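In each ligand, atom 1 is the first atom listed, and ligand 1 is the first ligand listed. Because the structure is predicted, anything quoted here is derived from the model rather than measured.
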Amino acid sequence: MTTVSPRPAGTGAPLRFPPGFVFGAATAAYQIEGAVAAGGRTPSIWDVFAHTPGRVAGGDTGDVADDHYHRFREDVALMAELGLRSYRFSVSWPRITPGVSASRLGPVSAEGLAFYSELVDALLAAGITPAVTLYHWDLPQALEDAGGWANRATAERFAEYAGVVAGALGDRVGLFTTLNEPWCSAFLGYASGVHAPGRTEPAGALAAVHHLNLAHGLGAAAVRRAAPSARIALTLNLAWVRPETDSVLDADAARRVDGLQNRLFLDPTLHGRYPADVLADTAAVTDWAFIRPGDTELVRGPLDVLGVNYYSPTPVRHWTRERPRETADGHGDGAATPWLCCDDVEFPRRSGPRTDMGWGIDPRGLAELLRRVAAERPDLELMVTENGAAFPDTVTPDGRVLDPDRVAYLRAHLAAVHDAVASGARVSAYYVWSLLDNFEWAWGYAKRFGIVHVDYATLRRTPKSSALYYADVIRAGAVTP
Ligand code: FCB
């Protein structure tokens, strides 16, 4: 038998992306901004959570983070140097309406809006297209005190806030994403409690699912009214669910995980209906009576773009209870499970390469998910709004930052995006997560996702080898597998 030795990565024929394909990088407000009290900003659920002992690794908080609030001009210059075509960032809701309550939005902070307005102007001056996310997890704490996402009023206030931001920036911003990864907000925030607000209330988590979907629909309509020419997006972290075998039991485990992570968000927002099997699976937890007549039409608001965030595959199998359960689903061990009504499902830890988060690496999942949503809604434009990896970096004595594992990860996943495009999926953009090392939620600063290294003692930024690699990809408009 002859064996063919694998060709070294980076020596294949270049895979060219279509002209106009957008290469960008993404961040989120609480993870990079710092300056948590500037301009009268009030606490978000993440400020309170991070300041609660035991919630975040190392007791880290976003108080300073990357101090992007004060250094944004330097960061925009860095993006320009790397040749980024677009920058996806989020707006911190408590900067915009610091006095919001469940019953009223309260006054709009001119200083809060001015920060984002200046950021947008700086980006445009550098030839970088801004892409705004309205909610990346930093709910004003006052709304959480009134029930948070388990309370319908939060969705109504969100829509008002979305209209304010779109009204202020819509003359210069062409893409507004309502929510980032509502699965995490609902299930990690209200079921497993590993994310803010840290609640472990299964019924509350399912109410949060619906109110997040409603917030998307109402928010999208508000953006459309305030900025009629802007495109509207929703970003989901879809799971590429892989049953271990083709047994009936493994298939059912896959159906349930797909239902909770994918269809509970895709079906209402893309099709205006909830998946009947998931409502039935969870009937012991809630009767879903918080879905009011007419809600599903509101949830299916205007939508131009679906953002897909992808990091790792989701292998599942039926759990027989004969051995300890494996829970390697990448979402951390909380006091409770985010997987409601899945007591006989487990997430096996497969062999093979992993990132510093312990997440498995399989770029095929990205192509498969893009093809799935393209088949489901061929009219929608798709974007990869996050993809990237945490790895420990090597800082050399002469100050360079070497991250060959991240280069390999990006190369393989960019090739997967190309594969999806080549098979007809309408993917228009790819955003690497993340521009900068930053506050990685419950992991604090312990996990580094940036293509730009941040020295947390000095806040000095240093592009890693992956940033230089990505700059080459952008220049060539092609990835060499
Ligand atoms: C996603 C989040 C993003 C970042 C990456 C690693 O779930 O949207 O903020 O934490 O994971």
Side-chain angles (χ1 to χ4, degrees), residues 24-33 44-46 49-50 55-57 60-62 65-66 68 87-93 131-139 177-189 191-192 194-196 212 216 233-240 260-262 265 306-314 329-332 334 338 354-361 365-366 369 383-393 403 405-406 409-410 413 430-452 454 466:
T27 63
Y30 189 71
Q31 297 182 273
I32 63 163
E33 286 179 359
S44 76
I45 53 174
W46 270 97
F49 190 77
R55 292 299 207 172
V56 173
D60 292 345
T61 74
D66 293 337
H68 169 77
Y87 174 51
R88 172 183 183 254
F89 61 94
S90 80
V91 172
S92 167
W93 184 351
V132 168
T133 300
L134 292 161
Y135 185 75
H136 200 128
W137 306 356
D138 43 358
L139 185 72
T177 299
T178 53
L179 308 178
N180 176 73
E181 301 191 355
W183 183 89
C184 293
S185 298
F187 290 108
L188 301 183
S192 73
V194 297
H195 278 186
L212 283 152
H216 160 70
L234 167 69
T235 279
L236 300 176
N237 54 324
L238 298 175
W240 185 45
L260 287 167
Q261 183 146 3
N262 299 332
F265 300 93
L306 184 69
V308 174
N309 290 357
Y310 175 81
Y311 289 90
S312 82
T314 306
D329 69 330
H331 295 293
R354 298 188 166 273
T355 71
D356 197 27
M357 301 293 283
W359 298 351
I361 301 176
L366 180 51
L369 286 171
M383 292 184 180
V384 177
T385 37
E386 285 181 26
N387 173 245
F391 286 111
D393 304 316
D403 59 343
D405 292 331
R406 187 173 292 103
Y409 182 100
L410 294 181
H413 286 76
Y430 173 91
Y431 292 86
V432 66
W433 182 272
S434 178
L435 176 69
L436 302 166
D437 287 337
N438 61 46
F439 176 83
E440 179 44 35
W441 308 116
W443 293 95
Y445 299 99
K447 304 290 180 191
R448 293 177 176 270
F449 273 91
I451 57 171
V452 174
V454 176
S466 58

remark   = Going by the 4.0 angstrom heavy-atom rule, the piece of Asn180 near ligand 1 is side chain

request  = Give the atoms of ligand 1, by number and element, whose distance to some non-hydrogen atom of His136 is under 4.0 Å.
outcome  = 2 (C), 3 (C), 8 (O), 9 (O)

message = Please tell me whether Asn438 and Tyr445 have a donor and an acceptor in their side chains that are separated by less than 3.5 angstrom.
response = no

remark   = Value for CZ (Phe49) from CD1 (Ile45), rounded to nearest 0.5 Å, stands at 9.0 Å

query = For ligand 1, which atoms have a heavy atom of Glu440 less than 4.0 angstrom away?
reply = 4 (C), 6 (C), 10 (O)

ask   = Among His195, Glu386, Glu181, Lys447, whose heavy atom sits nearest atom 3 (C) of ligand 1?
value = Glu386

inquiry  = Show me which atoms of ligand 1 lie under 4.0 Å from any heavy atom of Phe449.
reply    = 6 (C)

query = Can you tell me if Asp437 uses its side chain to pair, donor with acceptor, with the backbone of Val454 under 3.5 Å?
reply = yes

task = Consider every N or O of Trp441 and every N or O of ligand 1, then say whether any pair is closer than 3.5 Å.
result = yes

query = Under a heavy-atom criterion of less than 4.0 Å, does Met357 contact ligand 1?
reply = no

key: Member of Asn387, Val384, Leu410 meeting the side-chain contact (heavy atoms from CB on, under 4.5 Å) criterion with Val432   = Leu410

task = Name all residues meeting the ring-ring contact (aromatic ring centres under 6.0 Å, His included) criterion together with Trp183; count only those two or more places apart in sequence or in a different chain, and write none if there are none.
result = Phe187, His331, Trp339

ask   = With sequence neighbours excluded, what pairs up with Tyr431 under the ring-ring contact (aromatic ring centres under 6.0 Å, His included) test?
value = none

query = Which residue supplies the protein heavy atom nearest to atom 5 (C) of ligand 1, what is that atom called, and how far is it?
reply = Tyr311 OH, 3.3 Å

task = Would you mind listing which atoms of ligand 1 come within a distance below 4.0 Å of any non-hydrogen atom of Trp137?
result = 2 (C), 7 (O), 8 (O)

key: Heavy atoms of other groups near Trp240 CH2, more than 12 under 6.0 Å   = yes

